[in-house]
Amino acid sequence: MSSHPSLVLAVTCFVSLISPAFSQTCSTQNILTTQKTPFQTCLDLTVLNSYLHYTYNATNSSLSVAFVATPSRPTGWIAWAINPTGTEMVGSQAFVALISTPGEPPVLKTYNISGYSGSSLVEGRLAFEFWDLRAEALSGGNRVVIHASVKVPVGEDSVNQVWQIGGNVTNGRIGVHPFTPANLEAKSVLRLTGSDAPAAAPGGASNTPGTAGGSGNAGSMTKNVNFGVSLGVLVLLGSMFIL
């Protein structure tokens with residue numbers, strides 16, 4: 001019976017090593033840039049089962065993103081935005097992918113969000129340059145991807161991002177999103193540079209500013225999984241010999 005604590009400890013070590021690697025869902029998504037290269041970095045966003053793949057290009061101060069989320073209904077919408085003036089939804093410059101008819105491809109529009117009411121959700125020009133704009137539905141599920149590249153002010157090391165999963169779409173117009181805690185917490189600071197910015201995958205990602213793509217997080221996550229599994233197996237084998 002004295003052998004049980006050693007086995008429990010070994011299993012605990014094994015699980016603790018591999019859990020962080022498996023928890024990052026975005027690394028399993030095969031999302032590519034417009035140039036058909038992997039993004040430098042991906043993030044599992046904190047709420048709404050949403051994910052962001054992105055590459056920051058320091059040479060021309062641009063940010064290329066792919067935002068992945070699932071509309072709440074067959075005729076729904078998702079959105080990813082940058083707020084140049086604050087951290088809330090109001091003031092956000094949004095890219096919105098909407099589905100007016102179930103089964104049809106998503107349509108991508110731009111919105112300058114000026115308030116919380118339905119009358120504030122109208123199409124508008126954005127406060128910054130953007131290009132490579134498109135939306136697509138992923139096969140094998142209901143997820144939708146928003147692709148965009150945006151101009152970031154020179155010298156900025158972060159942007160305020162806001163994302164959302166909305167309500168209904170009627171005659172091409174989006175309805176107000178739910179006001180659940182998750183919807184209200186769908187915002188964060190996206191670090192582009194600095195020590196607290198998410199690191200690109202080691203060994204494969206380009207360190208040359210201006211090179212889009214580079215090896216994505218999938219490579220680094222695979223290495224983490226392999227390392228965790230290998231070390232966990234060694235721990236378990238060692239505990240068996242002790243037993």
Side-chain angles (χ1 to χ4, degrees), residues 24-34 39 41-55 63-83 87-118 120-124 126 128 130-150 159-190:
Q24 193 171 21
T25 303
C26 69
S27 64
T28 66
Q29 298 169 343
N30 185 28
I31 307 296
L32 301 178
T33 68
T34 302
F39 286 90
T41 311
C42 76
L43 295 172
D44 289 2
L45 297 176
T46 52
V47 292
L48 300 179
N49 293 321
S50 303
Y51 313 92
L52 186 72
H53 302 253
Y54 69 96
T55 294
L63 177 66
S64 296
V65 304
F67 171 70
V68 184
T70 304
S72 60
R73 60 186 68 189
T75 55
W77 58 270
I78 66 169
W80 183 83
I82 290 177
N83 191 332
T87 60
E88 304 295 331
M89 185 184 78
V90 175
S92 293
Q93 310 291 292
F95 301 103
V96 180
L98 56 95
I99 300 176
S100 297
T101 304
E104 289 191 355
V107 175
L108 194 53
K109 298 183 178 183
T110 58
Y111 287 74
N112 189 331
I113 307 299
S114 59
Y116 290 101
S117 66
S120 302
L121 302 178
V122 294
E123 293 181 64
L126 301 187
F128 45 72
F130 61 88
W131 59 96
D132 290 342
L133 197 61
R134 62 188 176 93
E136 63 176 332
L138 295 181
S139 60
N142 298 318
R143 284 178 178 168
V144 172
V145 185
I146 293 174
H147 293 267
S149 293
V150 302
V159 295
N160 298 319
Q161 66 168 340
V162 181
W163 63 97
Q164 200 54 253
I165 295 178
N168 63 305
V169 176
T170 305
N171 297 325
R173 291 178 58 89
I174 63 175
V176 177
H177 66 75
F179 284 83
T180 68
N183 291 95
L184 298 177
E185 293 168 8
K187 56 188 178 181
S188 71
V189 175
L190 180 64

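The chain is numbered in sequence order, starting from 1.
- S50 places a side-chain N or O within donor-acceptor distance of the main-chain N or O of L48, the cut-off being under 3.5 Å.
- Atoms CZ and OG, from F130 and S64 in turn, are 14.0 Å apart once rounded to the nearest 0.5 Å.
- With hydrogens and angles disregarded, a donor-acceptor distance shorter than 3.5 Å links the side chain of K109 to the backbone of G172.
- Using a 4.5 Å heavy-atom cutoff, the side chains of I82 and V150 are in contact.
- Of the possible donor and acceptor atoms, none in the side chain of N49 sits under 3.5 Å from a partner among the backbone N and O of A69.
- The shortest heavy-atom contact between I165 and P178 is O-CD, 3.8 Å.
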Using side chain to side chain contact (heavy atoms under 4.5 Å, CB included), reason through V169 and I99 one step at a time and then give a plain yes or no. CA-CA 7 Å; V169 176; I99 300 176; 6.0 Å; no

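- The backbone N or O of G124 lies less than 3.5 Å from a partner atom in the side chain of T110, making a donor-acceptor pair.
- Nearest heavy atom pair, residue A182 against residue V47, reads O-CG2, 3.3 Å.
- Considering only heavy atoms from C-beta on, K187 stays 4.5 Å or farther from Q161 through its side chain.
- Using a 4.5 Å heavy-atom cutoff, the side chains of T41 and T55 are not in contact.
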What verdict does the side chain to side chain contact (heavy atoms under 4.5 Å, CB included) test give for Y51 and F67, after you've listed the backbone C-alpha separation in whole Å, the side-chain angles of each residue and the deciding distance to 0.1 Å? CA-CA 6 Å; Y51 313 92; F67 171 70; over 6 Å; no

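- With a 6.0 Å radius and a threshold of 12 heavy atoms from other residues, nucleotides or ligands, D132 has its CG atom above the threshold.
- Taking all atoms of both residues into account, the shortest heavy-atom contact from I31 to A66 is CG2-CB, 3.5 Å.
- For the pair W77/P106, no side-chain contact is recorded, criterion being any heavy-atom separation below 4.5 Å from C-beta on.
- Across all non-hydrogen atoms, the minimal contact from L108 to H147 is CD2-O, 4.1 Å.
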Run the numbers on L98 and R173 for side chain to side chain contact (heavy atoms under 4.5 Å, CB included), then give the verdict. CA-CA 9 Å; L98 56 95; R173 291 178 58 89; over 6 Å; no

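- Between T46 atom OG1 and E185 atom CD the span is 7.5 Å, to the nearest 0.5 Å.
- Here the two rings, on H177 and F179, have centers that are under 6.0 Å apart.
- Taking OG1 of T25 as the reference point, atom CG of L43 lies at 12.0 Å (rounded to 0.5 Å).
- Rounding to the nearest 0.5 Å places CD of E88 at 8.5 Å from CG of N83.
- Between F128 and F95, the two ring planes are tilted [angle within 30° to 60°].
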Check the pair Q93 / N112 against side-chain hydrogen bond (donor to acceptor under 3.5 Å, both in side chains), numbers first and verdict last. CA-CA 5 Å; Q93 310 291 292; N112 189 331; 3.1 Å; yes

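- Contact detail for A94 and I113: the closest heavy-atom pair is CB-CG1, 4.3 Å.
- Side-chain atoms of Q164 come within 3.5 Å of backbone N or O of N183 as a donor-acceptor pair.
- Remark: M89 CE to L184 CG distance equals 9.5 Å, nearest 0.5 Å.
- You'll find the side chain of P71 reaches within 4.5 Å of the side chain of V144, heavy atoms only.
- Put simply, the side chain of I78 reaches to within 4.5 Å of the side chain of I146, judged on heavy atoms.
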Working for side chain to side chain contact (heavy atoms under 4.5 Å, CB included), residues V65 and W80: CA-CA 10 Å; V65 304; W80 183 83; 3.9 Å; yes

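- Side chains of T101 and T75 form no contact here, defined as non-hydrogen atoms less than 4.5 Å apart.
- Taking CG of L45 as the start and CG of L190 as the end, the distance is 8.5 Å to the nearest 0.5 Å.
- Side-chain contact between V96 and E123 is absent, with no heavy atoms from C-beta onward closer than 4.5 Å.
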